[in-house]
2 protein chains.
Amino acid sequence: MSSILTTEGVPLYVKIREGIRSDILQGRLQPGQKIPSEEELAEQYRVSRMTVRQGILDLIKEGLLHRKRGVGTFVSYPHFDRDHTRLTNFFESAREQGIEASSVVLKIEILAAPEKVAKHLRLEPGGSVICIRTLRYVNHTPVTVHDSYLPHRLFAGIIHEELENVHLWDVMEKYGFQVKRALQKLEAKPAAGEIAKLLGVKPGYPILYKERTVFSTDGTPVEFTYCYNRGDMYSLTVAMER
Amino acid sequence: MSSILTTEGVPLYVKIREGIRSDILQGRLQPGQKIPSEEELAEQYRVSRMTVRQGILDLIKEGLLHRKRGVGTFVSYPHFDRDHTRLTNFFESAREQGIEASSVVLKIEILAAPEKVAKHLRLEPGGSVICIRTLRYVNHTPVTVHDSYLPHRLFAGIIHEELENVHLWDVMEKYGFQVKRALQKLEAKPAAGEIAKLLGVKPGYPILYKERTVFSTDGTPVEFTYCYNRGDMYSLTVAMER
DNA sequence: GCTCTCTAGATGTATAGACGTCTAGATTTT
DNA sequence: AAAATCTAGACGTCTATACATCTAGAGAGC
């Protein structure tokens, strides 16, 4: 087991936590294996049991360890697919999967932000926004309609950019914003008239509906989008923890 | 502030935690407001400061409170500070939002795992699984049908447990498994005959359909569930990063 | 009025000990 | 052999106390 180097200003429980973490990462403790008891670790690190406990509890919260009362504390099996928590770029992931993807811009206009849009973009009501409606195709079949709203103040020149067959997020980088995080609200909705026509389905057909707010690295909301996805041709996989 | 009723078998920190939670839910503590200091709460509840602390830390982990060192502890604003990446327990989050929630078990049986179920639960094909169909109500309206599959080997006795109005995940803890992580695949689908009848909608009505694999702290898949959620009464918010 | 310093109040870290409760396995009893 | 009981070990809860560190605001000095 690792001992603790002399480091100042670092709480003991952090040192212990990182010591155990390194034992796991370096393979000195294997998945499924029982780690020493709180009591033993306290003696080993020469701290009180409560201090050891605090470090262990951190690692449990992280998912690196788990424990069973009356039995012991064990190293968890690593979970593979970090993949699904990730926010992915439509064109990139289509290309990765060898799928033919394209998009067309149906409409682009500047208007006063509707109330809901303003709220999500943190603009004053009626603030100026750019609205872009795009239709995306997968293997030449229409799959998704996007109504995206961007703050006009941040992306004034974007209406002159080439927006077909590229991802909006790539264009945003030219304006100094890197997409970092998105909050998506998902629902199933019947297709309303115009959307149904664009997607080539009957009105009332199930649509996977998303409202998405996109934030850049500095926390600025840079995009609010209504997404209408054809239910039978679109699925979304997410990983969640607690 | 609420005082604590005499209840046996419930840890003090849990009583304090729930006391504070109820203060928030009932509006005695408003979002953004500072709650009493650890010291004051300790005196109020007549326990040691460390005990109060444990209760508060739980609520912080949940996202209901946040704190700033040297300043104080504050009630979080819903949907802003509160975290959406988290895997939430249906009954817990309903309670948090002050919504009336209930569930009934429609069917419970032991059968050989269908191929897809076996794959997700990492069982040999045809391995024995427990299938539980439940119907969940929100404010007395049916909202969700769940077809859950559990490995029979791990939860043999569960068929004798009380499963109505409790969350499966709470019951699983009795069997030594703590739910940590879930992988969910989302689609919009038309309601098929039986599901439509149970949810009280017309066949073809949009359903937010989920396939969910749930993993316990040690990485074991403990549940695979087909979820059929009424599109107009159910939404899911997720945060994603890249 | 402005800046700097100080301080009260709040959370963060840490200790040592006590007792509760659960689990698995060993032991005893039947 | 099977069932019931016991027990060591491990985690869970809780206390009372001490000191560290951070923050916002009060107060002193300019």
Side-chain angles (χ1 to χ4, degrees), chain A residues 1 4 6-20 29 32-61 64-76, chain B residues 1 4 6-20 29 32-61 64-76 81 154-157 170-178 180 216-218:
Chain A
M1 299 292 145
I4 278 176
T6 43
T7 26
E8 288 156 39
V10 179
L12 285 175
Y13 78 92
V14 171
K15 292 187 198 171
I16 291 159
R17 184 183 73 202
E18 297 311 316
I20 297 172
L29 289 169
Q33 191 182 331
K34 183 173 170 307
I35 74 169
S37 72
E38 292 179 351
E39 213 95 47
E40 287 168 337
L41 286 168
E43 198 177 338
Q44 192 185 116
Y45 285 104
R46 294 170 187 286
V47 298
S48 85
R49 189 184 142 211
M50 292 300 274
T51 302
V52 167
R53 196 176 160 75
Q54 192 174 354
I56 289 178
L57 257 24
D58 273 4
L59 292 174
I60 288 173
K61 201 162 63 182
L64 220 52
L65 296 177
H66 65 276
R67 57 183 10 185
K68 196 166 172 193
R69 181 171 186 178
V71 184
T73 305
F74 305 83
V75 180
S76 294
Chain B
M1 300 293 147
I4 278 176
T6 44
T7 26
E8 289 157 36
V10 179
L12 286 174
Y13 79 92
V14 171
K15 292 188 197 171
I16 291 160
R17 184 184 73 202
E18 297 311 314
I20 297 171
L29 290 169
Q33 190 182 332
K34 184 172 167 305
I35 75 169
S37 72
E38 294 179 350
E39 202 102 47
E40 287 168 338
L41 285 167
E43 198 177 338
Q44 193 186 115
Y45 285 106
R46 294 171 186 285
V47 298
S48 88
R49 189 186 142 209
M50 291 301 271
T51 302
V52 167
R53 197 174 161 74
Q54 192 174 354
I56 290 178
L57 257 23
D58 272 4
L59 292 173
I60 288 172
K61 200 162 64 180
L64 217 55
L65 296 176
H66 62 273
R67 58 183 9 187
K68 196 168 171 192
R69 181 173 186 178
V71 184
T73 306
F74 305 84
V75 179
S76 294
D81 296 330
L154 304 180
F155 301 104
D170 292 329
V171 181
M172 284 179 178
E173 296 205 1
K174 284 197 211 165
Y175 292 80
F177 292 95
Q178 216 188 331
K180 175 67 183 171
S216 85
T217 43
D218 64 356

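Both backbone and side-chain heavy atoms feed into the values below; hydrogens, waters and symmetry mates do not. In this text the structure is predicted, and so the values were computed from the model without any measurement. Chain letters run A, B, ... following the sequence lines, proteins first, then strands; residues in each count from 1.
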Take the protein atom NZ of K174(B) and the nucleotide atom P of dC22(C), then report the distance between them rounded to whole Å.
12 Å
Give the rounded distance in Å between these two atoms: CD of E38(A) and C1' of dG20(C).
14 Å
Please confirm whether the shortest side-chain N or O distance from T51(B) to OP1 or OP2 of dT13(D) is below 4.0 Å.
no
Taken to the nearest whole Å, CD/E43(A) to C1'/dG9(D) is 15 Å
Calculate, to the nearest 0.5 Å, the distance between atoms OH and CD1 belonging to Y13(B) and I56(B) respectively.
14.0 Å
Separation between CD (Q54(A)) and CZ (R17(A)), nearest 0.5 Å, reads 9.0 Å
Rounded to the Å, how far apart are I16(A) CD1 and dA14(C) P?
8 Å
Which value, rounded to the nearest 0.5 Å, describes the distance between R53(B) atom CZ and D58(B) atom CG?
12.0 Å
Parallel, tilted or perpendicular for F155(B) and Y175(B), by the 30°/60° rule?
perpendicular
Which residue, V52(A) or R67(B), contacts DNA chain C at a nucleotide closer to its 5' end, judged by nearest heavy atom?
R67(B)
Please report, rounded to the nearest Å, how far the P atom of dG12(C) is from the CD atom of E39(B).
13 Å
Nearest whole Å is fine: how far is dT21(C) P from K68(A) NZ?
19 Å
Any base atoms under 4.0 Å from Q54(A), or only sugar-phosphate, or nothing? Heavy atoms, all strands.
sugar-phosphate
Could you write out each protein N or O paired with an N or O of nucleotides 18-22 of chain D at a distance under 3.5 Å?
{"from": "dT21(D)", "atom 1": "O4'", "to": "R69(B)", "atom 2": "NH2", "distance (Å)": "2.9"}

Find the distance R17(A):CZ to dG12(C):C1' and express it as a whole number of Å.
13 Å
Roughly how far, to the nearest 0.5 Å, is the OG1 atom of T73(A) from the NZ atom of K34(A)?
7.0 Å
How many angstroms lie between CG in L29(B) and CD1 in I20(B), if you round to the nearest 0.5 Å?
8.0 Å
State whether T73(B) places a side-chain N or O below 4.0 Å from either non-bridging phosphate oxygen (OP1 or OP2) of dT11(C).
yes
Are R67(A) and E38(A) close enough for a salt bridge, meaning some N to O gap below 4.0 Å?
yes
What nucleotide, of dT15(C), dC14(D), dT15(D), holds the atom closest to the side chain of V47(B)?
dT15(D)
Using a heavy-atom cut-off of under 4.0 Å over every strand shown, decide if K34(A) touches base, sugar-phosphate, or nothing.
sugar-phosphate
Separation of dG12(D) atom P from D58(B) atom CG, nearest Å, is 13 Å
